[in-house]
Visitor: 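Structure incoming, see below.
Keep in mind it's a predicted model, so treat the numbers as computed, not measured. Reckoned from all heavy atoms, side chains included, excluding hydrogens, waters and symmetry mates. Just so it is clear: chains get the letters A, B, ... in the order the sequence lines come, proteins before strands, and each one is counted from 1.
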There are 2 protein chains.
Amino acid sequence: MAQPKAPDASRRSERSRRAIFDAALALVGEVGYDKLTIEGIASRAGVGKQTIYRWWSSKAAVLLDAFGAVVDEYDQEGLPDTGDLAADLKTVLRATADEFNDAAWQAPYRALAAAGANDEELSRTFVGRLMEPGMRVYVDRLRAAQETGEVATGIDLRIAAEMLMSPFSQRWLMRTGELTHDYVDTLVDLVLHGLRPRD
Amino acid sequence: MAQPKAPDASRRSERSRRAIFDAALALVGEVGYDKLTIEGIASRAGVGKQTIYRWWSSKAAVLLDAFGAVVDEYDQEGLPDTGDLAADLKTVLRATADEFNDAAWQAPYRALAAAGANDEELSRTFVGRLMEPGMRVYVDRLRAAQETGEVATGIDLRIAAEMLMSPFSQRWLMRTGELTHDYVDTLVDLVLHGLRPRD
């Protein structure tokens, strides 16, 4: 087992990690995934190359963790819960659509998804680190709605979350359609209609 | 413009194309996508390598057309229409799940999807040649159900078809869950509940 680090060292590590993530996300937006290098990230973050290699084996691994850190913050907050499930889902999915439509964000995320389609291990990491935690916050929000009676009991909430998120992801990944606010609103309304308590 | 071929030449061409498709699909199941070669396909199909290169520029292009020929047959038939939308969708999606779970079929289709995630042009061909025609037969079946009153009027049938097919495709492509008959049945029931005429 590793020795626990002294608080100062641990704070310094955390600062370096954060600087590396910020550098990786900024740089990949500027130069694209193919031209992104560990050297470039190190130089932008103001750390030595060896600092990065101590923690990560590849640029894909750095990016996965950098996106993962964003996802973690988001997951700790959970989805908004104003008591109106449709409104909350539309708010979040509209914001997500704007994010997915932003080229700086889109390119590296797509590159990771693509790399994962070829590489089963990377794919499992991508799914486990980035997609599944996102899916869980939707399942949690649907469960809260089930408790207040907005969603019928007995519904498989995991499948319900897939009905919302998979059409959205696939449109983006396969470029089969635009991610507009109208699209998001229609999707949310159609899915929620199916989840309503049955009368 | 090319000269129209004499009927005999055209029949021979069609026989060769069919032999090439059969060879490509059989061989990719046996040796995998990475080891598939144009030479191997030609030899299995009993044609010269040049015959293949005259029509296709790469093994990906041959496979796209080979899968496309399967899709075309399926599209001409359309989905079954027994008058019971839920039963018909379950029949087709269960059979599709069995097909997607078959390793011989899965490997080349996944290889094409993965190659497409990296290559925008291939991706557009993959989507246009294989995914969109599949989506259209679902939209057509939903439209027929709308006409008989099983599906509410005014519903965006394209989005409804995505609610069925995208969760299914994404489970498979990202390996986020099993494609079982139970899964298919639950998905169909949840989606159709949302599409029912609203009372």
Visitor: Report the option among A/Leu164, A/Thr186, A/Leu190 that has the most heavy-atom pairs separated by less than 4.5 Å from atoms of chain B.
Guide: A/Leu190
Visitor: Under 4.5 Å, heavy atom to heavy atom: which of residues 152-159 of chain A reach chain B? Give them by number, or say none.
Guide: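 Contacts with chain B: A/Ile155, A/Asp156, A/Arg158, A/Ile159.
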Visitor: Any chance CD of A/Glu178 has more than 12 other-residue heavy atoms, nucleotides or ligands included, within less than 6.0 Å?
Guide: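 Open.
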Visitor: For side chain to side chain contact (heavy atoms under 4.5 Å, CB included), just list the numbers for A/Leu173 and B/Leu173, CA-CA rounded to whole Å, side-chain angles, deciding distance to a tenth of an Å, and then say yes or no.
Guide: CA-CA 11 Å; A/Leu173 185 64; B/Leu173 185 64; 4.1 Å; yes
Visitor: Would you tabulate the side-chain donor-acceptor contacts of residues 87-95 of chain A under 3.5 Å, counting partners in other chains and residues two or more places apart, or write 'none'?
Guide:
| residue | atom | partner | partner atom | Å |
| --- | --- | --- | --- | --- |
| A/Asp88 | OD1 | A/Thr82 | OG1 | 2.8 |
| A/Asp88 | OD2 | A/Thr82 | N | 2.8 |
| A/Asp88 | OD2 | A/Thr82 | OG1 | 3.4 |
| A/Asp88 | OD2 | A/Arg141 | NE | 3.4 |
| A/Asp88 | OD2 | A/Arg141 | NH2 | 2.8 |
| A/Lys90 | NZ | A/Asp189 | OD1 | 2.9 |
| A/Lys90 | NZ | A/Asp189 | OD2 | 3.3 |
| A/Thr91 | OG1 | A/Ala87 | O | 2.8 |
| A/Arg94 | NE | A/Asp185 | OD1 | 3.1 |
| A/Arg94 | NH2 | A/Asp185 | OD2 | 2.5 |

Visitor: Enter the distance from B/Ser166:OG to A/Arg171:CZ here, rounded to the nearest 0.5 Å.
Guide: 8.5 Å
Visitor: Do B/Glu162 and A/Phe168 come within less than 4.5 Å of each other through their side chains, counting heavy atoms only?
Guide: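 When only atoms from C-beta onward are counted, A/Phe168 and B/Glu162 do not touch, as no gap falls below 4.5 Å.
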Visitor: Side chains of A/Arg175 and B/Val127, heavy atoms from C-beta outward: is any pair under 4.5 Å?
Guide: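 No - every pair of side-chain heavy atoms lies 4.5 Å or more apart.
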Visitor: Which residues pass the side-chain contact (heavy atoms from CB on, under 4.5 Å) test with A/Asp22, sequence neighbours left out?
Guide: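 Here the qualifying residues are A/Arg18.
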Visitor: Counting only non-hydrogen atoms closer than 4.5 Å, can you tell me which residues of residues 129-138 of chain A sit against chain B?
Guide: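 So far as heavy atoms go, A/Met131, A/Glu132 are the residues that approach chain B to under 4.5 Å.
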Visitor: Closest heavy-atom contact between B/Gly194 and A/His193?
Guide: O-CD2, 3.0 Å
Visitor: Using side chain to side chain contact (heavy atoms under 4.5 Å, CB included), reason through B/Gln170 and A/Gln170 one step at a time and then give a plain yes or no.
Guide: CA-CA 7 Å; B/Gln170 196 172 39; A/Gln170 196 172 39; 5.8 Å; no
